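If you're wondering where the values come from, they're calculated on a predicted model, not measured in any experiment. Proteins come first, then strands; the chains are lettered A, B, ... in the order of their sequence lines, and each starts at number 1.
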Amino acid sequence: MEYSAPRGTQDITPDESGLWQHVESVIRQTMALCGYSEIRTPIFEHTEVFERGVGATTDIVEKEMYTFRDRGDRMITLRPEGTAPAVRAYVEHRMASRPQPTKLYYIGPMFRYERPQAGRYRQFHQFGMEVIGVAGPAADVEVIATPLDIFRALGITDVTVNLNSIGCPVCRPGYRNLLKEVYAPVLPQLCPSCQSRYERNPLRLLDCKSQECRGYMPDPPPIFEYLCPECAQHFSEVRRLLDKLGVEYVLNPRLVRGLDYYNRTTFEYTVGGIGSQDAIGGGGRYDGLVEELGGQPTPAVGVACGMERCVLAMKAGADAKRFAGGVDVFFVSLGERAAERVFELAFQVRSQGVSADFDMMGRGLKAQMRYADKVNAKFVAIIGDNEIDRGTVALKDMSTGEQREVPMAGLASMLREGR
RNA sequence: GUGGGUGUAGCUCAGGUGGCUAGAGCAUCAGAUUGUGGCUCUGAGGGCCGUGGGUUCAAGUCCCAUCACCCACCCCA
């Protein structure tokens, strides 16, 4: 019986892993550049971390989590996102008693049970950053602007930043009531899910994409015109700092994200050319989450970006082959005596820091050359009886085709300089 | 959860109205006589035609079911 990977999952094959490593290295370099440290949390958590953290009435928690009871009768969930686990770890390890702020980043797989589609998987990968302990707008702006640098470094253009502020527990109830008033007359015409949203979380009415509902719902007054003075002040500072950095954005008063922990700033990046799942990242401020998960009241902001979608967006311009590996030197051998010599030499130069490979297939010279070319060897070192007797190798530069005979002894250091 | 589309070699695809050992290009492997890659040429391996039923003398081709994948809704990364 032959098997395939489960629905909505995919293998990253040798053809693509080089590209993925490139993406990861750009992320790590950028994070280091900005003073973030990596946090690695488990792939699964107690279900409650997400129920309380993400919100029990969100789509993610209600119908998308991989939740199961383990053999010890504990409720376990494969993480659907990275912020709640990071905050759980922040609280658990008392990171508040480290130098503040706490700046964390993560890279890793997430799991959501959704119908797979272009750019949507059941196991997918995100990188994200969290600034915990800062209430001021500089943190919001750092978290919005830094992924844009990563996108740019990856050659992803055509990114739009959508920005909104959804207020705080002081000003949101007022706006929520306003929305309910505005939409009460058309309530019977709305779709069933909007009717339930009306009761449970009226803000999310703004998020309905159904054309029909949109027809019935006149554009609401923008939420950011109803913020309390503190939220309005914060929002305008965020905008001022974005302008100062030259970050362009569009105000999108309908942007209400699907996780309950957000307050004040919310944002989302969209890209062109990758299909209908065009949100490549998003985030916002979550000042209540740390407390919700058992810590002291602590302000925080974060962002998460989808790596599959980054790779999709890159493919338009970048070919995966550019990131394929390749060894410094491939040893070609002629005859059995040479085959054994080459085997030793490969291990020897490797121990001196030169990447090397050699023929294991017992192939002829021509086939070995062809192979060395196909796997991108920078140099080929040919060894036969003549070379062994003279203590030399025939070293060929595969890009120029130049070949010369060099002493075996200095091979490793010569290759180190030559690359 | 709701629609629509597609399943033939590792990949991209041909295979009118059912009919002989199921094809091509690319990829893989092996050759093109003396110890040299990319170009070219020759050859080889590799497919129970997604799976299970049915109709028929005969099914890759027609019918039904099932599974998988893709796209969109939804949701989001």
Side-chain angles (χ1 to χ4, degrees), chain A residues 1-10 13-15 54 58-64 79-83 107-128 147 162 191-194 197 204 207-213 255-259 266 268-271 274-283 302-313 330 332-335 338 361-387 393-403 405:
Chain A
M1 183 58 193
E2 184 180 319
Y3 299 96
S4 56
R7 185 146 202 226
T9 69
Q10 60 170 6
T13 61
D15 289 333
V54 176
T58 59
D59 280 11
I60 291 178
V61 171
E62 277 187 340
K63 45 193 194 196
E64 293 175 5
R79 63 179 187 197
E81 59 100 50
T83 296
I107 300 183
M110 306 292 165
F111 305 83
R112 291 184 200 172
Y113 190 88
E114 291 184 272
R115 194 83 176 257
Q117 199 182 318
R120 188 163 79 188
Y121 305 87
R122 288 179 173 178
Q123 176 176 172
F124 59 100
H125 298 78
Q126 286 186 334
F127 70 90
N162 289 274
C191 68
S193 75
C194 275
R197 282 175 184 141
R204 307 209 61 222
D207 212 23
C208 187
K209 269 108 186 159
S210 148
Q211 289 301 321
E212 258 199 81
C213 283
L255 177 65
V256 177
R257 296 178 52 77
L259 297 84
T266 60
E268 205 167 277
Y269 314 102
T270 56
V271 238
I274 64 168
S276 71
Q277 302 300 308
D278 63 351
I280 199 174
V303 60
C305 299
M307 294 173 65
E308 280 79 1
R309 291 180 189 179
C310 288
V311 169
L312 279 175
F330 185 88
V332 165
S333 60
L334 291 131
M361 301 282 284
R363 284 199 256 244
L365 168 65
K366 209 167 189 154
Q368 291 185 53
M369 291 298 296
R370 239 196 288 269
Y371 177 78
D373 181 53
K374 275 186 281 211
V375 300
N376 270 319
K378 293 184 194 70
F379 288 88
V380 161
I382 302 161
I383 297 176
D385 288 333
N386 299 343
E387 284 78 11
V393 305
L395 189 64
K396 179 167 187 169
D397 181 326
M398 292 296 273
S399 58
T400 65
E402 279 169 40
Q403 182 173 327
E405 195 163 344

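A close approach under 4.0 Å does not occur between any side-chain nitrogen or oxygen of A:K366 and OP1 or OP2 of B:G38. Put simply, A:K374 has a side-chain N or O that comes within less than 4.0 Å of OP1 or OP2 on B:U28. Checking the phosphate oxygens (OP1, OP2) of B:A77, no side-chain nitrogen or oxygen of A:Q277 falls inside 4.0 Å. For A:R370 and B:U36, the shortest distance from a side-chain N or O to OP1 or OP2 is not below 4.0 Å. At the phosphate of B:C76, neither OP1 nor OP2 sits under 4.0 Å from any side-chain N or O atom of A:R112. In terms of phosphate contacts, A:S276 brings a side-chain nitrogen or oxygen within less than 4.0 Å of OP1 or OP2 of B:C73. Residue A:R363 places at least one side-chain N or O under 4.0 Å from the OP1 or OP2 atom of B:C29.
When each of B:G38, B:U36, B:A77 is scored by its nearest atom to the side-chain atoms of A:A279, the top-ranked nucleotide is B:A77. Residue A:A367 places its side chain closer to B:A30 than to any other of B:U36, B:G35, B:A30. For A:M398, counting side-chain heavy atoms from C-beta on, the closest listed nucleotide (B:G37, B:C73, B:C76) is B:G37.
Put simply, CD1 on A:I60 is 9 Å from C1' on B:A77, counting in whole angstrom units. The separation between A:R309 atom CZ and B:C76 atom P is 11 Å, rounded to whole Å.
Both stacking criteria are satisfied for A:F124 over the base of B:A77: a centre-to-centre distance under 5.5 angstrom and an angle between ring planes under 30 degrees.
A:M110 has its side chain out of reach of A:P80: every pair of non-hydrogen atoms, C-beta onward, lies at least 4.5 Å apart.
Within the nucleic acid shown, A:L334 comes within 4.0 Å of at least one base atom, counting heavy atoms only. Here A:A118 lies in heavy-atom contact (under 4.0 Å) with sugar-phosphate atoms only.
One N or O donor and one acceptor, one from the side chain of A:Q117 and one from the base of B:C74, sit under 3.5 Å apart. Judged by distance alone with a 3.5 Å cut-off, a donor-acceptor contact links the side chain of A:Q403 to the base of B:U36.
Under the Watson-Crick and G-U wobble criteria, each requiring two contacts below 3.5 Å, nucleotide B:G7 is paired to B:C67. The base-pairing partner of B:G31, taking Watson-Crick or G-U wobble contacts with both distances under 3.5 Å, is B:C41.
A donor-acceptor contact shorter than 3.5 Å links the side chain of A:R79 to the backbone of A:P109.
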